[in-house]
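Each remark here refers to the structure printed beneath this line.
Lettering of chains follows the sequences in order, A, B, ..., and the numbering in each one begins at 1.
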Amino acid sequence: MNFKKRDVISIKDFSREEIEYILKYAKKMVPYATGEKHTDILKEKILASLFFEPSTRTRLSFESAMHRLGGRIIGFADPSGTSQKKGESLADTIRMADSYSDVIVIRHPQEGAARLAAEFAEAPVLNAGDGAGQHPTQCLLDLFTIFMEKKKIKGNNIVLLGDLKYGRTVHSLAYALALFKADLTFVSPETLKMPKEVINECREFGVEPNSTSNLEKAIKEADVLYVTRIQRERFPDAEEYNRVVGTYKVDNNLLKQAKQDLIVMHPLPRVVEIDPEVDSTPHAVYFKQAFNGVPVRMALLSLILGGKKL
Amino acid sequence: MKELKVTPIKDGTVIDHITPGNAVKVLRILKIPESTTSVVSVAINVIGKKGKKDIVKIENRELDPKELDKIALIAPKATINIIRDYEVVKKHKVELPDEVIGIAKCSNPTCISNAREPVQSRFQVICKDPPRIRCYYCEREPEDIADRII
């Protein structure tokens, strides 16, 4: 299995065996991610962190991951101070960053931007989210959370809830969960159903997802409830947004009907879809999930940059 | 006596076995009539041995590989006949390559391939018949390929 110098653009770039390897390696990274143990396996390595749109959590966790491995970071979190503002193409910005760094992390509002960056960079490129496109490290940390909390991925009944039409994370996650042959249930308002092509991809792995708008029914059998925000910014029509926002709310009353060991996940930020009263229950793992971005990104950076094994 | 609905041509190309109803799309992607002053004949819903088909005959023009790829995208069963002095000198079926570059535009307005970047559009062919293509950059599949051809 060779990860050295590889680009990470889409979760589809990885086989199931490779994902399993990353998850196991990420587990080893946990004590380093918490600061309990120390390492400098990426000493002398430089990460270029190019955030063309804001994403505090992803950026900070990548930067934390690099620091925890002893590496250094250059880059920007606001493109208004860069040559893009002067009309420079993304390709040129990437060529420039490539000459200053060993690995490039890019977040960009346009879909396919990371793939384009990988074409112009010699250094490996990690996609930290491209518009409504791919966000593979989010997908890996979601899988890692299920793996850590449930000890396995296959055999779990996983309910994906919320905006399944525009939600970037749930498309990649559904694909990856089907790759692991998890049981899938999609719960959404009628107008925000999972796109057909995602369902077809699941079928290609022999997984037939259930689709429903009835959360009360779906939650009874669930081992994992993955909640997503209904994203105002993805809606072409404000009226359509107003019609569906607040359709589902996960609160303690709903969770009374769930299995005791159900875990509730959310890629965050949340708005109204999970009541804060859920935070203090054993079901809530979303903050742990956010932390898991650090060991997962540490594992990827280490594998891609060929850091010494821990 | 057999009636000829479309007269033979001396030199040029006959595109046969076009999916019925798609002849006009073929004309559009070959930029006809703007790109030619030659005689062009079109037959729609012709009854052939295997059912209905469309036919396009273009005098004094042979198609380049890029044009053939475009035709394969909308008429995957089309046959290309090169005619010289009323004889068919070459006959072959169109065949889609595994990847098509620079012949269609991504339907996603926020795809990076539609931005001002030094790259050509690029699609992976995920099914040849019926043709289905996926953008290499944003991974979206355009629904109506014919409308996306440049």
Side-chain angles (χ1 to χ4, degrees), chain A residues 7 9-13 50 52-53 79 83-96 106-121 125 127 129-136 139 165-166 168 171-172 174-175 195-201 204 233-236, chain B residues 19 21-22 25 29 65-66 69-70 72-77 96-150:
Chain A
D7 300 312
I9 308 301
S10 163
I11 194 68
K12 292 175 187 169
D13 296 340
L50 312 182
F52 292 89
E53 69 174 10
S83 295
Q84 287 262 310
K85 187 80 180 169
K86 300 172 192 164
E88 184 179 58
S89 68
L90 174 63
D92 282 2
T93 308
I94 294 298
R95 284 176 175 126
M96 178 274 298
I106 178 173
R107 167 82 163 214
H108 198 279
Q110 285 184 283
E111 289 97 75
R115 188 75 73 187
L116 180 134
E119 276 190 290
F120 287 89
V125 171
N127 186 2
D130 55 352
Q134 302 298 319
H135 196 354
C139 187
K165 182 179 177 184
Y166 299 112
R168 167 180 60 196
H171 298 170
S172 306
Y175 169 91
K196 260 189 205 149
E197 61 261 31
V198 179
I199 294 174
N200 287 340
E201 281 176 344
E204 280 170 29
E233 65 273 22
R234 304 278 183 225
F235 277 75
Chain B
T19 320
N22 278 6
K25 289 180 183 172
I29 63 172
K66 221 171 188 178
D69 287 348
K70 288 181 185 179
L73 272 177
I74 57 164
K77 291 188 172 70
L96 258 183
D98 295 333
E99 196 170 52
V100 289
I101 296 174
I103 67 169
K105 196 171 180 285
C106 183
S107 55
N108 173 10
T110 54
C111 175
I112 197 76
S113 68
N114 288 324
R116 200 186 48 81
E117 294 293 338
V119 289
Q120 287 187 292
S121 69
R122 188 168 160 187
F123 291 87
Q124 273 142 355
V125 176
I126 50 175
C127 181
K128 294 194 176 183
D129 189 13
R132 279 176 55 208
I133 57 176
R134 180 185 291 147
C135 177
Y136 169 77
Y137 293 100
C138 73
E139 300 185 8
R140 297 256 182 102
E141 275 187 49
E143 276 177 19
D144 190 347
I145 299 173
D147 288 344
R148 313 312 310 171
I149 292 172
I150 303 165

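- Within the structure, the salt bridge (charged side-chain N to carboxylate O under 4.0 Å, His left out) test picks out no pair touching residues 101-111 of chain B (sequence neighbours left out).
- When all heavy atoms of V119(B) and F120(A) are compared, the closest pair comes out as CG1-CE1, 3.7 Å.
- Listed by first and then second residue, the salt bridge (charged side-chain N to carboxylate O under 4.0 Å, His left out) pairs involving residues 106-128 of chain B are E119(A)-R122(B), E95(B)-K128(B), D98(B)-K128(B), E99(B)-R122(B) (not counting sequence neighbours).
- Here CG of D130(A) is found 9.0 Å from SG of C111(B). Values are rounded to the nearest 0.5 Å.
- At a 4.5 Å heavy-atom cutoff, R132(B) makes no contact with chain A through either its backbone or its side chain.
- No other option in R115(A), E197(A), K12(A), H108(A) has as many heavy-atom pairs under 4.5 Å with chain B as R115(A).
- When all heavy atoms of E111(A) and T110(B) are compared, the closest pair comes out as OE1-OG1, 2.8 Å.
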